[in-house]
A.B. asks: 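Can you read through this structure? Questions will come right after.
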Amino acid sequence: MTFDQRTIDDGDDDAATARAVGESSRAEAEVESSSRDPKTTTDDSTSGGVSSLGPAGDDLKRRALAGSVWTFGGFAAVNLIRFVSNVLVTKLVAPDLYGVMTLAMTFMVAVRMFSDVGIGPSVVRHEKGETEPFLRTAFTMQVLRGFIIWLATCAIAWPIAKFYGNAEGLLWVLPVAGIGAIIEGFRSTAYYRLARRLRLKEQACLEVCRQLLIACGMIAWARVSPTLWALVIPSLVVGVLETIVTHFLMRDRRDRFGWDRESARALTGLGRWIFLSTALTFCANQLDRLVFGRMYPIEMLGVYGVAVLLAGAPRDAILKIGSSVVFPTYAALQRDPERFRRVFPKMRRMLLAMGGFAVTGLICCGVPLVTLLYTGSYRQAGWMVQLIGIAAWFQLLEATNASALLAAGKGRWMAAITGSKVLGLIIFLPLGHYLGGFPGSLIGLACADALRYLISVSGVSRLKIGVSITPMDLLMSLAVASSSLGILYLVDVLDLTGWRSLVLSMLLVGVIWMPACLLLYRRSQRS
């Protein structure tokens with residue numbers, strides 16, 4: 001895993017999800033209120049639907065499509081750079097240092113999420129997001145938040161270091177890494193205004209350049225001095241450069257400090273559901289690292305971090321498609337229940353087929369891929385990738401349900417789903433550790449995701465769309481399990497290892513899953 005500002009920004013993605021849950025809860029309440037008020041009506045001509053926008057709607061669609069291309073292209077490039085740099089850096093840096101950084105970044109994500117007030121998304125979506133008082137207030141709050149995050153990391157550094165047995169360097173890494181929050185606090189609001197105007201090309205290019213510079217800095221530093229600071233300092237230096245560049249992205253105005261009480265209320269007024277959802281989201285996504293850091297040697301946590309990076313890339317790509325394409329589609333069809341009933345199962349099958357492709361690839365190719373790319377203790381990440389792949393499958397099943405629930409404004413169900421995983425982690429991680437050590441804990445992680453999925457199935461059934469998803473999920477799960485076991489058995493019978501095992505596994509996975517993906521994609525296009 002390469003530890004850069006993007007690693008921390010993943011926490012912002014989690015916070016954004018939590019904000020969406022909170023906002024959908026509020027929207028759900030508004031819908032319920034309006035349904036009780038006979039005076040409340042909806043006029044399609046003023047609702048902002050694409051059909052009422054004419055040429056402006058076509059232009060918006062074109063810009064959204066172009067933005068999606070740049071977003072996905074940037075996502076792929078960033079993950080490729082991250083993967084290559086990870087392989088190179090692990091040949092220079094010991095696993096225990098990765099373990100320390102995994103813990104440090106987990107707590108950085110926690111501090112950032114619990115201090116999140118949605119400044120960037122507010123600039124993007126608020127009706128006054130382009131006004132001078134709003135932008136000055138947003139910039140001021142962003143700078144203040146950066147200093148608050150840094151002070152918080154300084155405050156928690158000592159107790160955390162003591163709790164984890166004085167892990168080498170953790171006491172100093174947290175305050176230094178926290179400086180990155182101060183640096184980012186001075187980022188120009190132009191960065192968010194680009195997203196507001198769907199000018200995502202600049203954002204994507206900036207993201208790729210940042211990741212490339214950080215990767216080069218880490219590799220160069222680790223080659224000269226393979227210490228913990230090789231994973232920390234380059235991201236801070238590149239963060240300064242990136243912040244400076246953001247002030248030149250749009251030259252129509254300059255950021256200045258200022259305060260407007262009404263704008264401040266708009267930036268911070270998302271309510272109690274946001275905090276609850278943020279807390280649950282953090283625990284669901286980060287609790288495994290906190291528990292493993294306490295239960296197992298720090299070197300094992302470092303290897304686990306590598307496995308999570310490898311297993312997370314294809315999973316995150318599928319989830320990004322879900323959040324960027326599937327969710328907006330579901331949201332747009334909420335006013336047409338009949339068409340939603342037709343589209344929902346088709347898009348879900350397509351997404352699950354792509355997920356099955358990715359998960360089968362993880363399970364079958366994980367061990368030979370890690371064996372070829374990594375050395376020493378890092379090779380243990382191979383079998384970890386296989387077990388994490390099982391958890392990833394349940395995450396994909398749940399994500400396809402979550403998109404429909406979120407589009408329908410069922411924020412309380414989203415909170416319940418996330419809370420069920422937290423409960424599952426609390427139960428299954430210790431139980432798995434007791435029964436099977438670290439492998440048992442990873443199986444417990446998969447069980448927690450399975451519980452989360454089951455709750456999401458219950459939530460979707462409340463939508464009353466007239467479609468049963470259970471048979472489809474059982475069939476897809478059987479396909480993933482049988483294809484994975486069959487490929488692993490064939491490779492074992494042929495006694496293949498190394499690159500031969502990897503090539504054969506990749507070919508078989510492609511032959512089995514690619515036709516299914518293409519077929520289901522074509523069917524979904526007919527909706």
A.B. asks: My understanding is that only residues two or more places apart in sequence, or in another chain, count here; which of them pass side chain to side chain donor-acceptor pair (under 3.5 Å) with Ser263?
C.D. replies: Asp260
A.B. asks: Answer whether the closest heavy-atom distance between the side chains of Arg256 and Leu135 falls below 4.5 Å.
C.D. replies: no
A.B. asks: Restricting to non-hydrogen atoms, name the atom on Ser420 and the atom on Leu451 that form the minimum distance, rounded to 0.1 Å.
C.D. replies: O-CD2, 3.4 Å
A.B. asks: Check whether any side-chain N or O of Thr102 sits under 3.5 Å from a backbone N or O of Gly305 as a donor-acceptor pair, and report yes or no.
C.D. replies: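 A pair under 3.5 Å: no.
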A.B. asks: Side chains of Val100 and Tyr164: does their closest heavy-atom pair fall under 4.5 Å?
C.D. replies: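 They are not in side-chain contact.
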A.B. asks: Under the ring pair (Phe, Tyr, Trp, His ring centres under 6.0 Å) rule, collect the residues that match up with Phe134, sequence neighbours excluded.
C.D. replies: His126
A.B. asks: Of the non-hydrogen atoms in Gly293 and Leu301, which two are nearest, and what is the gap between them?
C.D. replies: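 Looks like CA-CD2, 3.8 Å.
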A.B. asks: So, does Ser225 use its side chain to make a donor-acceptor pair with the main chain of Ala222 at under 3.5 Å?
C.D. replies: no
A.B. asks: Please name the pair of heavy atoms, one in Leu97 and one in Thr227, separated by the smallest distance, quoted to 0.1 Å.
C.D. replies: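 It is CD1-C, 3.8 Å.
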A.B. asks: Could you pull out all residues at least two apart from Val240 that satisfy side-chain contact (heavy atoms from CB on, under 4.5 Å)?
C.D. replies: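 Expected list: Ile183, Ile244.
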A.B. asks: Does any part of the side chain of Pro345, heavy atoms only, come nearer than 4.5 Å to the side chain of Ile469, both counted from C-beta?
C.D. replies: no
A.B. asks: Verify the neighbour count for atom CD of Glu262: are there more than 12 heavy atoms of other residues, nucleotides or ligands below 6.0 Å?
C.D. replies: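 Counting neighbours around CD of Glu262, 12 or fewer heavy atoms of other residues, nucleotides or ligands fall under 6.0 Å, so no.
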A.B. asks: Atom CZ in Arg452, atom CG in Leu397: separation rounded to 0.5 Å?
C.D. replies: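 Output value for this atom pair is 12.0 Å.
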A.B. asks: Walk me through whether Tyr191 and Val123 qualify under side chain to side chain contact (heavy atoms under 4.5 Å, CB included).
C.D. replies: CA-CA 10 Å; Tyr191 183 83; Val123 172; over 6 Å; no
A.B. asks: Can you tell me how far the CG atom of Leu206 sits from the CD atom of Gln211, to the nearest 0.5 Å?
C.D. replies: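 Here the rounded value is 11.5 Å.
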A.B. asks: Tell me, please, which residues at least two apart from Asp255 pass side-chain contact (heavy atoms from CB on, under 4.5 Å).
C.D. replies: Phe139, Ser188, Thr189, His247, Arg253
A.B. asks: Roughly how far, to the nearest 0.5 Å, is the CE atom of Met250 from the OH atom of Tyr192?
C.D. replies: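 Output value for this atom pair is 14.0 Å.
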A.B. asks: Is the backbone N or O of Arg187 less than 3.5 Å from a side-chain atom of Gln142, with the two atoms forming a donor-acceptor pair by type?
C.D. replies: yes
A.B. asks: Is there a side chain to side chain contact (heavy atoms under 4.5 Å, CB included) between Cys283 and Leu425 once you walk through the steps?
C.D. replies: CA-CA 9 Å; Cys283 292; Leu425 291 172; over 6 Å; no
A.B. asks: For a 4.5 angstrom cut-off between non-hydrogen side-chain atoms, does Ile160 reach Leu103?
C.D. replies: no
A.B. asks: In sequence, state the C-alpha distance, the side-chain angles, and the governing distance for Phe107 and Val173, and then conclude on side chain to side chain contact (heavy atoms under 4.5 Å, CB included).
C.D. replies: CA-CA 11 Å; Phe107 284 104; Val173 166; over 6 Å; no
A.B. asks: Tell me whether the guanidinium CZ or amine NZ of Arg289 lies under 6.0 angstrom from the six-membered ring centre of Tyr304 and within 45° of its axis.
C.D. replies: no
A.B. asks: Quick one, Trp413 and Arg462 - any side-chain contact, counting heavy atoms below 4.5 Å?
C.D. replies: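 Yes, their side chains come closer than 4.5 Å.
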A.B. asks: What distance separates Ile182 CD1 from Arg145 CZ, expressed to the nearest 0.5 Å?
C.D. replies: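 Ile182 atom CD1 to Arg145 atom CZ measures 12.5 Å (nearest 0.5 Å).
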A.B. asks: Quick one: list whatever passes salt bridge (charged side-chain N to carboxylate O under 4.0 Å, His left out) with Asp449, sequence neighbours left out.
C.D. replies: Lys421
A.B. asks: State which residues pass side-chain contact (heavy atoms from CB on, under 4.5 Å) with Ala157; sequence neighbours excluded, sorted by chain then number.
C.D. replies: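 If we apply the side-chain contact (heavy atoms from CB on, under 4.5 Å) test to Ala157, skipping adjacent residues, the hits are Leu171, Leu174, Pro175.
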A.B. asks: How long is the gap from CD1 on Ile81 to CG on Leu212, to the nearest 0.5 Å?
C.D. replies: 4.5 Å
A.B. asks: Taking all atoms of both residues into account, what is the closest heavy-atom pair of Ala190 and Thr246, and its distance?
C.D. replies: CB-O, 3.8 Å
A.B. asks: Considering non-hydrogen atoms only, spot the tightest contact between Thr153 and Gly178 and give its length.
C.D. replies: OG1-CA, 3.9 Å
A.B. asks: Arg261: what forms a side-chain contact (heavy atoms from CB on, under 4.5 Å) with it, not counting sequence neighbours?
C.D. replies: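 Arg261 satisfies side-chain contact (heavy atoms from CB on, under 4.5 Å) with Arg265 once adjacent residues are dropped.
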A.B. asks: Does Arg348 have any side chain to side chain donor-acceptor pair (under 3.5 Å) partners at least two apart in sequence or in another chain, and if so, which?
C.D. replies: Thr400, Asn401, Asp473
A.B. asks: Rounded to the nearest 0.5 Å, what separation is found between the CD atom of Gln395 and the CG atom of Asn285?
C.D. replies: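 Gln395 CD to Asn285 CG: 8.0 Å, rounded to 0.5 Å.
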A.B. asks: For a quick test of reading the model, state the closest non-hydrogen atom pair linking Ala284 to Thr418 and the distance between them.
C.D. replies: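 Heavy-atom minimum between the residues: CB-CG2, 3.8 Å.
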A.B. asks: Could you tell me whether Trp172 atom CH2 has more than 12 heavy atoms of other residues or ligands within 6.0 Å of it?
C.D. replies: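 Counting neighbours around CH2 of Trp172, 12 or fewer heavy atoms of other residues, nucleotides or ligands fall under 6.0 Å, so no.
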A.B. asks: If you apply the rule side chain to side chain contact (heavy atoms under 4.5 Å, CB included), what do you find for Ile233 with Val176, and how did you get there?
C.D. replies: CA-CA 8 Å; Ile233 303 301; Val176 174; 4.3 Å; yes
